[in-house]
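The structure displayed is predicted, hence computed values, not measured ones.
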Amino acid sequence: MDLEFNKNEDSLKQLLFQLSQRQKRVALGGGEKSMAKHKAKGKLTARERIAYLLDEGADSVEIGAFAGDGMYEAEGGCPGGGVVVMIGWVQGRQCVVVANDATVKAGAWFPITAKKNLRAQEISIENKLPIIYLVDSAGVYLPMQDEIFPDKEHFGRIFRNNAVMSSMGIVQMAAIMGPCVAGGAYLPIMSDEAMIVDGTGSVFLAGSYLVKSAIGESIDNETLGGASTHSEISGVTDYKFANDEECLDHLRNIFDKLGGQATAGFSRKEPALPKENPEEILGLLPADRAKPYDMMDIINRLVDNSEFEPYKDLYGQTLLCGLARIDGWAVGIVANQRKIVKTKKGAMQMGGVIYSDSADKAARFIMNCNQKKIPLLFLHDVSGFMVGSQSEHSGIIKDGAKMVNAMANSVVPKFSVIVGNSYGAGNYAMCGKAYDPRLIVAWPTAQLAVMSGAAAANTLLQIQVASLKSKGQEITPEAEKELLDTIKARYDEQLSPYYAAARLWVDAIIDPRETRKVISQGISMANHAPIEKAYNVGVIQV
C-alpha cells in the first residue's frame, strides 16, 4: 500500500465531491420553488430543453457553469449567470446551445450573463459551429443597466455578433420559449430562423405597461407580441408550436437537413484508451502543491496507448514538449515538468519554472506544430519564469518573449488545462485566457494568480507595514501576524478555480478523468474551421 498515493487520492476525491455538490446547486438555477413555478406554466427548464434537443448518449461539454458564482449577493445572486451554455450534438452535427434560465431573475441579463453569451458566440465564431438560442428572458437587469448596456463588450455586442456571424455563413437558429423583450428581441429575429411557442413565447420592443405609459395604448402582452401575432400578422417569426417539445423537435428536423461543411483536416485515427490507468491520476497529483512530481505520469494517463513522442527531451527539461493522440486526435503537448531536473552543465532547475532553455525549446516546438497543422495542448503547473542575475544575464526575458510570440501567433487551435499552479507570466506563456485558447479548463486543484498566495501575502504585508510606519504608526508582531492572516485569506479566495470560473477566466472546472473527453470535443469543434491565416511570428527575439 502506497500511503502517499492514498493520501493524494483522498484529497483529490474530496475536491471532486465538492465539485459535484457545487454542480448540483448550479443545476437548480433559481431554486426549487422558482423551478416549480416555471414548470407550472407548461415550460421545460433550460437544462431540460437542452437535454431534449441534444442527441441522446453523445458527449457534451458545458461552458461557464459557475459563471456568477458568489457574485451579485446584494442582488440575490445569479447562479450560472442566468444562462446555460452547452457544446453538444444535434442530429450528428456539433453545435453550441444557449438557453436562458428563466428561474434566475426571470432570465434577466446581469453583466456576467452578457459575458457568458459573448463567450458562447466566440466559440461559435472561432470554430464555425452552428448556434441555437433558446430564448426565455425578461431582458436587461435594470438596476445594473450601466454595467450591461452601453460598452463594447456589453449587451449590444450580442446583436452585432448576430449580424457578423450571419455574414460568415454560421447557422443561427432561435426558439422563443418565453418572454423576449426590448433589445433582446433582436437576438432571435437576427438569427436565420425564429420559432415561437404558443401561450408562453412573446417578443416585443416594449411590453404592455411601457406601451401604456409611452403612447397611452391599452393592450395585453399576448395581443401585442404573442405567437399568433408574430406568426399570423407581423410575420416576425417563422413557425408556431403548441409546446416546447414540438418546437425542439422542429429544430432537430432542421439540423437533420443541414449541408456539410469544410474541415481543417486535423489528423485523427482510431481512438485508443491509455495503457496507464487514468483513475491513477487522482493519487499521482500531490495534495501538497509544493511537492515535486513527474508530469509524464499524468500525460501517460491522458494520451492514447500512453504513447508520447518527446521533442528535445534532454534539453530544457522543465518543459515537456512532444506529440501524442487524444481520443484519436493528433496533439502537440506543452507541459510543465514538476520534477527537479539537472542540466548537462550540472545546474539544478526547479520543477514548474520556465528557464531560458525550456522557453527556447517550447517556442521551436510550437512553431513546428503550426508548420505541421497539429493542435496544441498546454498543461499548466507553472510558478513563472526563473528570476535572478544568472537568468537575467542569460536573456530570460528575450527567450520568454520568443515563446509568448510563437504561441500568441499560432494559427492552429490551442487548448489549456490548468492542472495546478498558473502564476504570473507563466500563465501567459502557457496560453492563459488572454491568448485565445479555444477551450480553457481547470482541475479542482488549479490556482490562478499573479503569484502564489504566500508570496503575494508577504509582499502586500510589507507594503502595508511600510505605509503604517510612514504615518508614524508602529505595529506589534501580533498585529502584523493578524494582518498577514487577513491578507492571505483574501488572496487565497482569489486563487480558487471557482473564483476564476465565476468570472469566466476558465470555461469549466472538470474532473481530471474528463480531460480526454473535453480535449477531444474541443479538437472536433476546431476541425470545423479551416485554417485561413498563414503562420507568421513577425519580429522575434533570437
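For the pair F365 and L376, the minimum side-chain heavy-atom distance is below 4.5 Å. Using a 4.5 Å heavy-atom cutoff, the side chains of V417 and L377 are in contact. The shortest distance between side-chain heavy atoms of P274 and R516 falls below 4.5 Å. Two residues are said to be in side-chain contact when any heavy atoms from C-beta on lie closer than 4.5 Å; T45 and M35 meet this criterion. Side-chain contact between Y435 and V404: present, with at least one pair of heavy atoms (C-beta onward) separated by less than 4.5 Å. In this structure, R49 and M177 have side chains that are in contact, with non-hydrogen atoms separated by less than 4.5 Å. The shortest distance between side-chain heavy atoms of W89 and Q521 falls below 4.5 Å. The shortest side-chain heavy-atom distance between I366 and N370 falls under the 4.5 Å cut-off.
Annotation for A449 and L495: closest pair CB-CD2, 3.1 Å, computed over non-hydrogen atoms. Y499 and E493 get closest at one heavy-atom pair: CB-O, 3.4 Å. Nearest heavy-atom pair, E48 versus L44, reported as atom, atom and distance to 0.1 Å: OE1-CA, 3.5 Å. Across all their heavy atoms, D101 and G29 have their closest contact at OD2-CA, 3.4 Å. Nearest heavy atoms, T103 versus G30: OG1-N, 2.9 Å. Minimum heavy-atom separation, F266 to A526: CE1-O, 3.8 Å.
In this model, a donor atom of one side chain and an acceptor atom of the other lie less than 3.5 Å apart for S524 and Q94.
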If you look only at distance, which donor and acceptor atoms sit under 3.5 Å apart when one is on a side chain in residues 291-302 and the other is two or more places apart or in another chain?
from : atom 1 : to   : atom 2 : distance (Å)
K291 : NZ     : E4   : OE2    : 3.1
Y293 : OH     : D381 : OD2    : 2.6
D294 : OD1    : M296 : N      : 2.9
D294 : OD1    : Q337 : NE2    : 3.0
N300 : ND2    : M296 : O      : 3.2
R301 : NE     : E280 : OE1    : 3.0
R301 : NH1    : D297 : O      : 2.8
R301 : NH2    : E276 : OE1    : 3.3
R301 : NH2    : E280 : OE1    : 2.8

Less than 3.5 Å apart, which donor and acceptor atoms pair up between the side chains of residues 58-69 and the rest of the protein, not counting sequence neighbours?
from : atom 1 : to  : atom 2 : distance (Å)
E62  : OE1    : R47 : NH1    : 3.1
E62  : OE2    : R47 : NH1    : 3.4
E62  : OE2    : R47 : NH2    : 2.8
D69  : OD2    : R22 : NH1    : 3.0

Pairs under 3.5 angstrom only: tabulate donor-acceptor contacts from the side chains of residues 141-158 to other protein residues two or more places apart or in another chain.
from : atom 1 : to   : atom 2 : distance (Å)
Y141 : OH     : E75  : OE1    : 2.6
H154 : ND1    : D151 : N      : 3.0
H154 : NE2    : E147 : O      : 3.1

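Taking the six-membered ring where the residue is Trp, the centroids of Y72 and F110 are separated by under 6.0 Å.
Using a distance-only test at 3.5 Å, with no hydrogens or angles considered, a donor-acceptor pair links the side chain of T445 to the main chain of V419. Judged by distance alone, with hydrogens and angles left aside, the side-chain atoms of N127 form no donor-acceptor pair with the main-chain N or O of L129 at under 3.5 Å.
One finds the CD atom of Q23 at 9.5 Å from the CG atom of L16 (value rounded to the nearest 0.5 Å). Atom CE of M386 is separated from atom OG of S356 by 10.5 Å, given to the nearest 0.5 angstrom. With rounding to the nearest 0.5 angstrom, the SG atom of C369 is 5.0 Å from the CD1 atom of I374. Between atom CG of residue L439 and atom CD1 of residue I519 there is a gap of 7.0 Å, rounded to the nearest 0.5 Å.
Heavy atoms of other residues, nucleotides or ligands lying less than 6.0 angstrom from CD1 of I397 number 12 at most. Other residues, nucleotides and ligands place no more than 12 heavy atoms under 6.0 Å from the CD atom of E56. Environment of OH in Y428: sparse, with no more than 12 heavy atoms of neighbouring residues, nucleotides or ligands closer than 6.0 Å. The environment of NZ in K7 is sparse: at most 12 heavy-atom neighbours from other residues, nucleotides or ligands sit within 6.0 Å.
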inquiry  = Using side-chain hydrogen bond (donor to acceptor under 3.5 Å, both in side chains), reason through D357 and Y355 one step at a time and then give a plain yes or no.
reply    = CA-CA 6 Å; D357 55 356; Y355 291 77; over 6 Å; no
request  = Carefully, step by step, assess Q349 and I340 under the rule side chain to side chain contact (heavy atoms under 4.5 Å, CB included).
outcome  = CA-CA 6 Å; Q349 294 184 338; I340 298 171; over 6 Å; no
key: Intermediate values then yes/no, side chain to side chain contact (heavy atoms under 4.5 Å, CB included), T515 and V518   = CA-CA 5 Å; T515 305; V518 171; 5.8 Å; no
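A salt bridge is absent between D436 and K414: the closest approach of a Lys/Arg side-chain nitrogen to an acidic carboxylate oxygen does not fall below 4.0 angstrom.
Residue pairs that meet the salt bridge (Lys or Arg N to Asp or Glu O under 4.0 Å) test with at least one member in residues 107-123, sequence neighbours left out, are R119-E122, R119-D507. Applying the salt bridge (Lys or Arg N to Asp or Glu O under 4.0 Å) definition to pairs two or more places apart or across chains, those involving residues 316-333 are R268-D327. Residue pairs meeting the ring-ring contact (aromatic ring centres under 6.0 Å, His included) criterion with at least one partner in residues 3-34, sequence neighbours excluded, are absent.
Test N117, I112, D136, V104 against V83 for side chain to side chain contact (heavy atoms under 4.5 Å, CB included) and you get one pass: N117.
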